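Heads up, the thing below is written out as structure tokens.
Letters go in sequence order (proteins before strands), and every chain restarts at 1. Every value quoted in this text rests on a predicted model; they were computed, and no experiment measured them.
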There are 2 protein chains.
Amino acid sequence: MVSQAEENYLKALFHLTSDIPEKTEAGTNELADMLDVTPATANNMLKKLKEKGWVSYEKYGKISLTDKGRVLAVEIIRKHRLWETFLYEKLNFTWDEVHEVAEQLEHIQSVKLVQQLEKFLDFPEIDPHGDPIPNEKGEIRFIKRKTLAEIEESKTCKLVAVKDNSSSFLQYVVKLGLGLSSKIKVLGRREFDGSMEIEVNKVRSSISKKVAQNLLVV
Amino acid sequence: MVSQAEENYLKALFHLTSDIPEKTEAGTNELADMLDVTPATANNMLKKLKEKGWVSYEKYGKISLTDKGRVLAVEIIRKHRLWETFLYEKLNFTWDEVHEVAEQLEHIQSVKLVQQLEKFLDFPEIDPHGDPIPNEKGEIRFIKRKTLAEIEESKTCKLVAVKDNSSSFLQYVVKLGLGLSSKIKVLGRREFDGSMEIEVNKVRSSISKKVAQNLLVV
DNA sequence: TATATTTGTTAGACATGCCTAACTAAATTA
DNA sequence: TAATTTAGTTAGGCATGTCTAACAAATATA
């Protein structure tokens, strides 16, 4: 049995040690910070997680997930991202509202629920933030996302996420006719300021370099 | 803030004191029984719930919900039944599988989630067990359900629930061509054994009195 | 009504998960 | 390298929600 608190620690450790390939170990303070607890509390939990075989660390040493621990963490992330997708696609939640509720839903225990939810959503590959959703085997199809600013002229790409989640930016994005999965064609670029001409649904717009740098595409 | 444990007590008290009009008070042992805890534990929690103003009781006296407590309980039941409906209608769960998962989902805190879920399900009035779903104001549209055995000859009714949730009974029900919301026409009744002739989707069947008494209809 | 049974309460213990305060080890920098 | 800063640990405490064992009150029954 994995408690909700334990699940949160495993998930945080996964993000600290597997999101960036160069960084495969974490520290107590860092972990405590991410979970909004004191280092003492994190240290305490770490002992339990080690005891259960989900985390490997030695006193004053670096922390990492064991294979078992990683499997659990990925399963939680899978659930989190499937729920986010559900909230966004079916229940009219916005990009910035999904996370908080998914934090709760990710702890629901039911294998069938996750399988059926995934099927109901038609096996989505990315969540509303553009992050990959692990499949049932725990495999994560890593997606090399770029910012729109990096896309070459005359190429077409798909919007998968935004970096800036402020509602003012989101409103602007919507005004451009953009939404998740929108196809964007890069018509041209002005070198002196980096601004771009784009086409979305046959509508042409001009956007600043800054805006382009906040749009993540595949 | 209401903890999950507290929510479970409120819900149990609602069922003990409001499901049957004649019974408006509960006892410690009864409550403990329903929640699968010891009477000592229930007694302990009761003090906290009284403290918070959700339950009224005096030492060695009977227990009942206050108006505040009832509002909370109804909201939990509303969530439970909406989730059951979601699992049944959208995620291919069977009648007997929905309850366990809904027990977890009912504790998710998000007003928007409940509102949107209700809308997504098109404002259902009854859950897969035929129980009424309270609306957002907490109003419960009580439905006077009857067993099929009570329906007069030549009348047509709608199946809303089964009393016996065993999978063997459910399988038999399915074999009769019945599902939730199926229309059943009572063709006739044999008085000597109470068995009935019914018609479902133009198919006639004969069922025993016992079976008819386990089918709840509106 | 006196006794037995059922129902409800109290006291004390324990696990989980959090905290603060005091301390120790490791890393940085002067 | 010695001093300072940062990172990590330990000890002890607390709230929540559970338990068992012992007891008290209310109810049922002989």
Per-pair distances, 0.1 Å, donor-acceptor, side chain in residues 31-41 of chain A, under 3.5 Å, sequence neighbours excluded:
unit_1: A/T38; atom_1: OG1; unit_2: A/T41; atom_2: N; d: 3.3
unit_1: A/T38; atom_1: OG1; unit_2: A/T41; atom_2: OG1; d: 2.9

Is it the case that A/Q115 and A/E136 place a side-chain donor and acceptor less than 3.5 Å from each other? yes
Over 60° means perpendicular and under 30° means parallel, so classify the ring planes of A/F86 and B/F120, tilted if in between. perpendicular
For the pair A/R145 (side chain) and A/G130 (backbone), establish whether a donor and an acceptor sit closer than 3.5 Å, ignoring hydrogens and angles. yes
By a strict heavy-atom criterion of less than 4.0 Å, which residues belonging to residues 15-32 of chain A are in contact with DNA chain D? A/G27, A/T28, A/N29
Check: residues 12-20 of chain B side-chain donor-acceptor pairs under 3.5 Å, at least two apart:
unit_1: B/H15; atom_1: ND1; unit_2: B/D19; atom_2: OD2; d: 2.9
unit_1: B/T17; atom_1: OG1; unit_2: B/L13; atom_2: O; d: 2.8

Euclidean distance, atom CE of residue A/M1 to atom P of C/dG17 [Å, nearest integer]: 12 Å
Look at the side chain of A/R78 and the backbone N and O of A/P134, then say whether any donor-acceptor pair between them is shorter than 3.5 Å. yes
With sequence neighbours left out, which residue pairs that include part of residues 98-115 of chain B fulfil the salt bridge (Lys or Arg N to Asp or Glu O under 4.0 Å) condition? A/E97-B/K112, B/K11-B/E103, B/K11-B/E106
Show me the protein contacts with nucleotides 18-22 of chain C, counting only N or O atoms at under 3.5 Å.
unit_1: C/dC18; atom_1: OP2; unit_2: A/Y9; atom_2: OH; d: 3.2
unit_1: C/dC19; atom_1: OP2; unit_2: A/T38; atom_2: N; d: 3.0
unit_1: C/dC19; atom_1: OP2; unit_2: A/T38; atom_2: OG1; d: 3.1
unit_1: C/dC19; atom_1: OP2; unit_2: A/T41; atom_2: OG1; d: 2.5

Would you tabulate the side-chain donor-acceptor contacts of residues 209-218 of chain B under 3.5 Å, counting partners in other chains and residues two or more places apart, or write 'none'?
unit_1: B/N214; atom_1: ND2; unit_2: B/K210; atom_2: O; d: 3.0

Using 0.5 Å steps for rounding, measure from the CG atom of A/L148 to the CG atom of A/L178. 8.5 Å
Hey, which sits more toward the 5' end of DNA chain C by its nearest nucleotide, A/E6 or A/Y60? A/E6
Between which residue ranges does DNA chain C form stems of three or more consecutive Watson-Crick or G-U wobble pairs, both distances under 3.5 Å? C:1-30 with D:1-30
Report the residues that fulfil side-chain hydrogen bond (donor to acceptor under 3.5 Å, both in side chains) with B/D122, sequence neighbours left out, ordered by chain and then residue number. none
Between B/S56 and B/S64, is any side-chain donor less than 3.5 angstrom from a side-chain acceptor? yes
When rounded to the nearest 0.5 Å, the distance separating CD of A/E152 from SG of A/C157 is 11.0 Å
Please name all residues satisfying side-chain hydrogen bond (donor to acceptor under 3.5 Å, both in side chains) with A/N135, sequence neighbours left out, ordered by chain then number. A/E139
Let's see if you get this right: which residues in residues 46-59 of chain A place a heavy atom under 4.0 Å from DNA chain C? A/K48
So where does chain A start and stop touching DNA chain D, 5' to 3', when the test is distance under 4.0 Å to a non-hydrogen atom? D/dA7 to D/dT10
Rounded off to whole Å, could you give me the CG-to-C1' distance for the B/N43 and C/dG8 pair? 7 Å
Between B/Q171 and B/S168, do the side chains contain a donor N or O and an acceptor N or O under 3.5 Å apart? no
How would you list, by chain and number, every residue that makes a side-chain hydrogen bond (donor to acceptor under 3.5 Å, both in side chains) with A/D96, sequence neighbours excluded? A/T94
